[in-house]
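Structure first, commentary second.
In this text the structure is predicted, and so the values were computed from the model without any measurement. Letters go in sequence order (proteins before strands), and every chain restarts at 1.
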Amino acid sequence: MMGAMLGACSLDEDPTFPSSEILFSDVEGAQTVLNGCYSGLASFGYWGADFHHLTDLGSGMYNTNKDANLKDIAALNPYASQNYVENVWKACFSVIERSNDVIDGVSSADFPEEIKADMLGQAYFLRSFSYFNLVRLYGKAPLRTEPASSVNVNSPLNSADQIYELIIADAQKAKESLYATRADGRPTSYAANMLLAKVYMALAGNQTATETEYWQKAYDEAIEVYGNFSLVSDYRTLWLEESSNYSSESILEIAGNVENTLRQLQLFTPSNGNLGRSVWGRIKPNIEMYDQHAAAYAADPRLEATFQTEWLKYNSAGKAVVQKTYPVFKPRQNKDKSYPFLAKYSMKNTLALSYNTNMNLVAYRYSDLLLMLAEIENELNGPANAYQYVNEVLDRARQSADTPSAEPADWSGLSQEHFREAIMAEYNFELLGEGHDWFNVRRRGYAYFKMHIIDAHNNTASYDFSKSRDVEYPDNERTILFPIPATEITSNPNVSASEQNPGY
Amino acid sequence: MLFLLFGLQSFAQNQVSGIVTGADGMSVPGVNVLIKGTLTGTTTDIDGKYSLSVTGPEDVLLFSFIGFETQEVVVGSQKVINVVLKLSAESLDEVVVIGYGEVRKRDVTGSISKVKESENVSRQYSSVDALLQGRSSGVQVISNPGSPGGAVSVRIRGTNSLRGNNEPLYVVDGVIISSAGEDVLDASTDANEIQAPQNGLTGLNPRDIESIEILKDASATAIYGSRGANGVVLVTTKQGQKGDGKAKINAYGSVEFSLISKKLDVLDGVGFAKYRNEVALQEGNKINYHIEGDNVYSISYKADPETGLELPTISDVPYEQKNWQDDVYEMGITHNEGVTVSGKGEKSNYYFSAGFADQKGIVETSRIQRGDIRLNMTNHLSEKVELDTRISMMFQDGSFAQSGSKSGGNRSFTKQVLSYTPLVGYESEDSSDLDLDISNPYAWLTDYEDETKELRINASTALTYELAKGLKYKIQGGLDYRNKDRSRFWNTGVFKGQMQNGVLAMSTLDRYSYTMDNLLMYNKKINDNHRINTTVGVTYDGSHAEASIYEVSDFPIKSLGIKAPELGQIISQPYDLISTEESILSFLGRVNYSLMDKYVFTVSFRADGSSKFADGNKYGYFPAAAFAWRLIEEDFVKDLNVFENLKFRMGWGKTGNQAIDAYSTLKNYNTVYYVDADGNTVIGNAGSNISNPDLTWETTSQYNGGLDMSFFGGKLSLVTDVYYKRTEDLLQQIQIGTSNGFTSMPINRGEIENKGIEFSLDGVIINKKDIALNVGGHISFNRNKVLDLGLASSSVWNNGVESQEVFYLGNNVSTGTYFKAPANVFMEGQAVGMLWGYKTNGIYQDDAAAAAGSTYQGNANVAGDVVFVDQNGDGNINELDRTFIGNPNPDFTFGLNFSFNYKRLTLSALFEGVYGNEIANGNLMELGYAEGNSKNVLENSYYNAWRPGAPSNTHARVGYDLNEVFTDRIVEDGSYLKMSNITLSYDLPVKGTGFDNINLYVTGKNLFTLTDYSGYDPQVTSFMYDGTIMGVDWTGTPNARTFLMGVNVTF
């Protein structure tokens, strides 16, 4: 009896979830691990929501109706334990860890070379993409290139130079391995070119083409993309749920559907701005962002597509009242009205009951590439050949109204300095709220940032800084970076408090 | 037969006959009657009668029977000799169940408490863990009877482990039930929505409990090896009592009325209007409320078309003013009835019971209906073979009021009841419909469903075969089957439902566990000096669980709620089935040896092999040894004539804890989702943990010394125990840098210690025929300390002094705006889970003081702000300024009980309490500050707020909004003394009625609580199974005061 029982006893674990061996035993299984990387990219902590919280609210260009955030991150006063500071760091590393898992698993798998190259290319791209966010937001980070195990946890911080080395190497590998065109929505070699161009522009900083080779390197990458995409005819269709996904100017997208919703509609639609009253209206542009755009081109059709100054507010009985915000509403104390909302991601179907949407997020857009090319060309050779790129964008903007507008007019006759000023502002007009703001306004250094963001904000006459809705920004150089998250410092014994970014 | 033979051989000279009875007057069959010094004798027949020939009057008859004292009677001239047998002293010895066997109480060497409660009282409880409250030293129970079906937490001798679950192991009739803290998974994909846990120890009705033994020290619990470290609760269910073969039938019924035991003083409508107006004026806005007497009217503004001035209009109809606590909490009526039938025949005994309870909470929507049956049977198949079978089944169907969500705010019912505006307008001027906003308290009653169904079957069968005298083989198989499903539906009236147009989360648990014990027991008395009691065995425990989760949202038709998951248009959590198998193979042995009834030795050993650990770490060994010295048997003690009993015990043992999830040593993958280019969901797999193949159990070594004393002929008894325990290789989920791609990793690292002393006193003050008074009490002191965590040290500032300390912080309390921070610190050299936050020092009284004060995260202060203490003196308050602001561990816990009996009347009462612990009253974060948002606050927060010209050093200014951080301002003394139960019962005269007993009783439960704690109840039930959050009242629900009437009939 006892013997029979002992024979039946097994102390081995036979788990019901897949193991690495199973997952990497065939292409289909390995693809699911790769899908997991994208799932991380689309998660709430990353592009799904918190990346926008962090880089919009922390950029110096936005306000919020969430009071706690208003006092810290939106006041350019982030701190190491701040939620979004922690979450985006964590989410980037989650994608890096998953990518490392794919790289590790696929490298040693016995798959057809072409498939293997493509999968590795995607994983390298995602690792590069996430490290590029980390290095720009936090300045430094631990380099992790192996899947985490109990024997390799807690790496020390590496310098920005070391991280950029990996970013470039990974993006190069991605560029060589990825298909140029593909129908599955995944990154192409052009997306890798664009990533590299952005990397080199970030490295170029505020240096001139005579001081650094990075402008040339950026050009070499960006020009590869040129001509392979085209602008959609109407800017407004980029922000409609039915036409925004995979348009002709989309270079890189993060995908969502109603079951796996990206939260842009919830974050940007004014609170109670849909019948289901299920949105937060959490992120809204500062009034100087509106003012600058309107001052540059008062009749730019993009203004209406970018800023929501009038919206329907629903009450519990389902009745809607029109709310008018700045610039119509001028008083400074109203949560709903003192700031415009961002129209791009505001729910167009206000009768919707939930915030769920099939709308993707476009991370890289062709008009961004055109502006980049214009900026690069101007840096390398002056405006002469740069106009063609920016004017393509401006022309499309003019067409983006029921009757084409005269503004924004084509550029001509600018000096190199003027062109530089104008193109930097043009990023804000064309791409506001699309995830590039924080980076673009900082990559030319603190002096540029102070003048164009902090001072521009603090000197905006309409603000009343005695009201709690309006926040005066500190002149503090530390805001060029976010702090290294507190959790990393307290939980990683190889990172010490003295390594915190300056000023935090 | 033999006696009969001898009887026939002797020729009748004198015939003696008679009846042998017991003390209760019942005849005793089978008694040996022998003429002393001869082999001549007989036995009594079925009626206790005997008849015997004696040789002469000088003969002496010996009457002997197992369990009774042998009696000698000189025949003399008697023809009829009737004898009343007296129970032998030895059989008076209580038998104590010790796990895989039982010993005489006098042979107990470890620290074991026995819990006894009258039937009337024990039936009032719905689970055995709740019943333990206040009844034994060293046992701290936390529960909130105000939330029926809510979770209960039991801690034996402090916090043993830094892992979540410190619940003891429960063993019911020899079958391990490891479901305390077990629940269905949370199906919600919303990380902010925490599912309130429910009690896992279902299916055992306290009505059926014969006795509960609590094994506290390791010499007693080591026989349970890798699962014994948190203590063991042994439950024995009832059996048919000895009788004349006639069934004993007992029927009972009770009805219970529950009322909220405490309400919090939030602002009434007028106060709230004043508050909102003051805020508006402060912000430079127009006021929105017009107050006239006790009425409040809304003010709306319209621009005059000519002048452009905004002109106020006061509404005609005043606001409806609500006291939400009065509106929402109502009397809950519970009834509970059942029947038990038991009996004992010659070869078998049985106990059958069935019951039904309909339990309602103080919130309309909380209700549990429960039915259960039990059948216990013991059959003597032959002289040597006994078969014992016990089966119980329970089914319950409950609906629960959501006690709270981790993010609080309008996601939490309890919080909304307190903070929702007391002023409610109408939808329009001529409408009688209230204009209520999202997540208003009524919406929680109508738009939230939380339904649970549970089936629980426990069955065990044991076959005992007596191989030889004193040598038994026992094989026992046990099954614990639990099938539970829980469905929660959020309609659009509550926040979560509104966000997604209705959400339904469904989860199920289908789990069976089994045990198979093979035991060989040898029990032998060798002359009067040696008694040996041994057990060796092999046991195998297995568990197979299937848990599923599923969530859908976007319901075009919402009226069917949880009944129609098919109406959800979006699958937000595809059906996920998580199955887990666990097994433990064990070898165990124990010897209990008693020498001259004076010296008792116990040695035990258990080897456990667990499936949870990797090869090489699977087996653990858990030895224990104990010694008891029954000093009372020593002449020098006897001669003192002081003690009725005096026994000294000491023991040592090692136990383990393997409370980690199965498969933790392997790399797990979770299913995640992404979207393809066509907009379709695709499956992804993502690593979900860092595997640690080196994991093994944590080990606790415990030393225990005890003294059992009784005086005055046993009228007063005192049990004292001191213990020291040290837990090593703590199973921790250590936080790692999030740069690893994960936030934590399981590891064996670190040490903590617990030491304590326990006293338990019982006294029989009066014990007369018609009047009796018993009192008892116990008090337990426990101190714990983190000895080693094995982490790197970091800087901590305290009063301007920097030190390097090794610590980690607990989990964040909430995910929302308030209390999104850890409350506890686990630091070497400190007690477990010290409260960790900001110290404050009153309120800045003027602008000069405010300007001179330290900034908070770079923000300057104004007059009326809270003064934060700058621990590192750098002029700025940030995380580095956090320090100790309280200790959630009590100095001592205690219980008191008495019972007074006068003729047919019995009054019994139980008090329990805790002293010296601190509670972080999370509710105060919002309610304790007149922050200026649209939520209601406590009266004090508004009326006593600092104002220019009305200084206050206790409450911040109106509009102060730095209240989401954890400060000592919300830390309160958690000491309390609670009257848990007082019962008055009366036995009706039953002579001639055919009834054996009719008993009527009334009970008051939780009649009063003496405490300074300002929250609902100082028994904090938030985060009970999260070991990293201690003493934080975050989702605290009100408790209930209960009155009960019952009847109990036996025939």
| message | When you measure from the side chain of B/Q735 to the backbone of B/T743, do you find a donor-acceptor pair of N or O atoms at a distance under 3.5 Å? | response |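 No.
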| Counting N and O atoms only, with roles assigned by atom type, does the side chain of A/Q266 sit under 3.5 Å from a partner on the main chain of A/Y355, one being a donor and the other an acceptor? | no
With a 4.5 Å cut-off on heavy-atom pairs, point out which of [options] contacts chain B the most.
options: A/S19, A/G185, A/G276, A/A75; value: A/G276
options: A/T487, A/N152, A/T261, A/N356; value: A/N356
options: A/V279, A/V33, A/N494; value: A/V33
options: A/D101, A/D184, A/N358; value: A/D101
options: A/R186, A/R98, A/R469, A/Q333; value: A/Q333
options: A/V258, A/I489, A/N260, A/N334; value: A/N260

Quick check on [X] against chain B: is it the side chain, the backbone, both or neither that has a heavy atom closer than 4.5 Å?
X: A/A141; result: neither
X: A/S20; result: both
X: A/Q31; result: neither
X: A/R277; result: both
X: A/D14; result: backbone
X: A/I96; result: neither

Are side-chain heavy atoms of [X] and [Y] found at a separation under 4.5 Å?
X: B/L577; Y: B/E546; result: yes
X: B/R882; Y: B/L809; result: yes
X: B/T665; Y: A/E13; result: yes
X: B/V825; Y: B/V796; result: no
X: A/W280; Y: A/N65; result: no
X: A/P78; Y: A/Y84; result: no
X: B/P822; Y: B/Y808; result: no
X: B/Y619; Y: B/L585; result: yes

| Any ion pair linking B/E964 and A/K66 (charged N to carboxylate O, less than 4.0 Å)? | no
Does any backbone or side-chain atom of [X] lie under 4.5 Å from a heavy atom of chain A? Answer side chain, backbone, both or neither.
X: B/S610; value: backbone
X: B/E879; value: side chain
X: B/F807; value: neither
X: B/A821; value: neither
X: B/K618; value: side chain
X: B/D615; value: side chain
X: B/L666; value: side chain

Based on non-hydrogen pairs under 4.5 Å, which of [options] is most in contact with chain A?
options: B/N933, B/V552, B/L791, B/I570; result: B/I570
options: B/I734, B/N859, B/N670, B/T492; result: B/N859
options: B/D554, B/D676, B/D961, B/T817; result: B/D961
options: B/T738, B/T671, B/T580; result: B/T738
options: B/S739, B/S793, B/S611, B/S794; result: B/S739

| field | Side chains of A/N35 and B/N685, donor plus acceptor under 3.5 Å | value |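 Distance-only check fails for A/N35 and B/N685.
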| said: So, using ring-ring contact (aromatic ring centres under 6.0 Å, His included) as the criterion, who are the partners of B/Y674 when residues are at least two apart? | reply: A/Y38
| salt bridge (charged side-chain N to carboxylate O under 4.0 Å, His left out) evaluation trace for A/D50 with A/K90 | CA-CA 11 Å; A/D50 282 346; A/K90 184 166 84 182; over 6 Å; no
